[in-house]
Amino acid sequence: MAIEVDQIVDAKGLSCPMPIVRTKKAVSALQPGQVVEVQATDKGSLADIQAWAKSSGHHYLGTKQDGEVLKHYLRKASEAEEKKELTYPHVIQNDELLKKLETNEKITILDVREPVEYHFGHIPGSLSIPLGELENRLDELNRDHEIFVVCRSGSRSDLACKLLEENGFKHVKNVVQGMIEWNGPLETAE
Amino acid sequence: MSGKVAIIASNGGLFDAYKVFNIAAAAAASEKEVGIFFTFEGLNLIHKEAHKALPIPEGREHIKEGFEKQNVPGIPEMLETAKDLGVKLFACQMTMDVMGLEKDDFVDGIEVAGAAAFVEYASDANLTLTF
């Protein structure tokens, strides 16, 4: 499965520290929230990219191996998201949602993160519609169902909840904490 | 996240140059403020001509092929990369005087500084390295 990204960095054939240097330059030019794919053949890049993400504050999403090429996925951090000023009032905690899942209640979980974030781990059965596409894809959702909206930290899902409410959805809840603190089962798109 | 790295480069071989510039570039790419103080043989690493042809330790000449095979960038490119990422380069005034070198003998963009200036720079660094 091809993964949609905003930019591809070709660092194939380059040795340490060039994959990191190229990544840094590419990420500097991105908008917050955008996703980059870094292609590298340097085996050390697997550890280095993760360490770089940790020290620069950006989000390491995962790595796929394609023959000799390692494809690393990163998302540029967004200050607005980290502030987490959530204003949508109807929320549910991660563990409450987990309980609903465990009792096999039939519920709709809407994941509004980018496709690549969804790819590397999402709640089983959740539906993927990135926040940027939600307004044009409302028809895929049932207005009468209870919908639980999740993202990485609860920030994008807060915006998604408000968008749904404005469009007449009545039973929408924001999953606060979000995937960053999710301890329940995960599914990958592989 | 952020932080400051202070490096002293006091040796002038090819391997020394890689140690210094690799760490400096990686740190700068990781949003650290990085400064390198070049002193004694280390001045070769930023000398206009010398940095293009740094010596490999005797008996280790075969490693040159390894560098080429692994597509490791040359020192001039590493130096440019470091400058590009905002790494500050300080040449030691005292060693320059002893060796009869002027600021013009070095690549563009360096600053000339004394030991006290580097100590001041390094005094709030999170990491200080000597090569």
Side-chain angles (χ1 to χ4, degrees), chain A residues 7 9-32 34 36-60 67-70 72-84 153 180, chain B residues 1-7 9 14-36 45 54 56 62-89 109 124-129 131:
Chain A
Q7 204 187 335
V9 174
D10 184 0
K12 295 194 291 289
L14 299 178
S15 69
C16 163
M18 298 319 282
I20 295 298
V21 170
R22 290 271 172 98
T23 302
K24 141 87 181 161
K25 285 187 181 164
V27 170
S28 300
L30 287 181
Q31 299 295 322
Q34 285 190 315
V36 66
E37 173 183 309
V38 181
Q39 302 177 344
T41 46
D42 168 24
K43 294 184 207 81
S45 67
L46 183 60
D48 262 14
I49 286 277
Q50 293 178 55
W52 179 82
K54 207 171 165 190
S55 69
S56 62
H58 302 298
H59 311 143
Y60 170 75
E68 292 278 286
V69 181
L70 294 165
H72 309 292
Y73 296 90
L74 295 154
R75 180 170 179 269
K76 182 165 182 165
S78 150
E79 272 180 45
E81 260 173 43
E82 304 306 326
K83 274 191 210 143
K84 278 184 90 170
S153 68
I180 198 169
Chain B
M1 285 210 201
S2 57
K4 193 170 174 184
V5 179
I7 300 172
L14 183 71
F15 295 176
D16 305 303
Y18 276 115
K19 293 168 202 170
V20 169
F21 290 130
N22 276 28
I23 294 280
S30 305
E31 318 283 341
K32 316 281 186 221
E33 183 185 343
V34 184
I36 312 172
L45 276 46
L54 294 166
I56 291 181
H62 60 282
I63 293 180
K64 200 160 187 247
E65 288 165 34
F67 277 106
E68 281 159 17
K69 217 173 115 198
Q70 292 302 317
N71 198 18
V72 176
I75 290 303
E77 192 187 332
M78 291 301 301
L79 179 55
E80 273 313 303
T81 300
K83 277 165 60 177
D84 210 31
L85 289 165
V87 173
K88 289 199 187 82
L89 308 172
D124 61 348
N126 309 84
L127 198 59
T128 307
L129 303 166
F131 292 100

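Proteins get letters first, then strands, A, B, ... in listed order; numbering begins at 1 in each.
Nearest heavy-atom pair, Ala29(B) versus Val21(A), reported as atom, atom and distance to 0.1 Å: CB-CA, 4.1 Å. Scanning all heavy atoms of the two residues, the minimum distance from Ser55(A) to Lys32(B) falls at CB-NZ, 3.8 Å. Between Asn71(B) and Ser15(A) the shortest heavy-atom distance is O-OG, 4.0 Å.
Considering only heavy atoms from C-beta on, Lys25(A) comes within 4.5 Å of Asp84(B) through its side chain. A heavy-atom distance below 4.5 Å is not found between the side chains of Ser30(B) and Lys54(A).
Here Phe131(B) pairs with nothing under the ring pair (Phe, Tyr, Trp, His ring centres under 6.0 Å) rule; sequence neighbours left out. Take His58(A) and apply the ring pair (Phe, Tyr, Trp, His ring centres under 6.0 Å) test, not counting sequence neighbours, and it matches Trp52(A).
Gln70(B) CD: 12 or fewer foreign heavy atoms inside a 6.0 Å radius. Heavy-atom neighbours of Glu68(B) CD from other residues, nucleotides or ligands within 6.0 Å: above the threshold of 12.
Atoms CD and OG, on Glu31(B) and Ser28(A) in that order, are 6.5 Å from each other to the nearest 0.5 Å.
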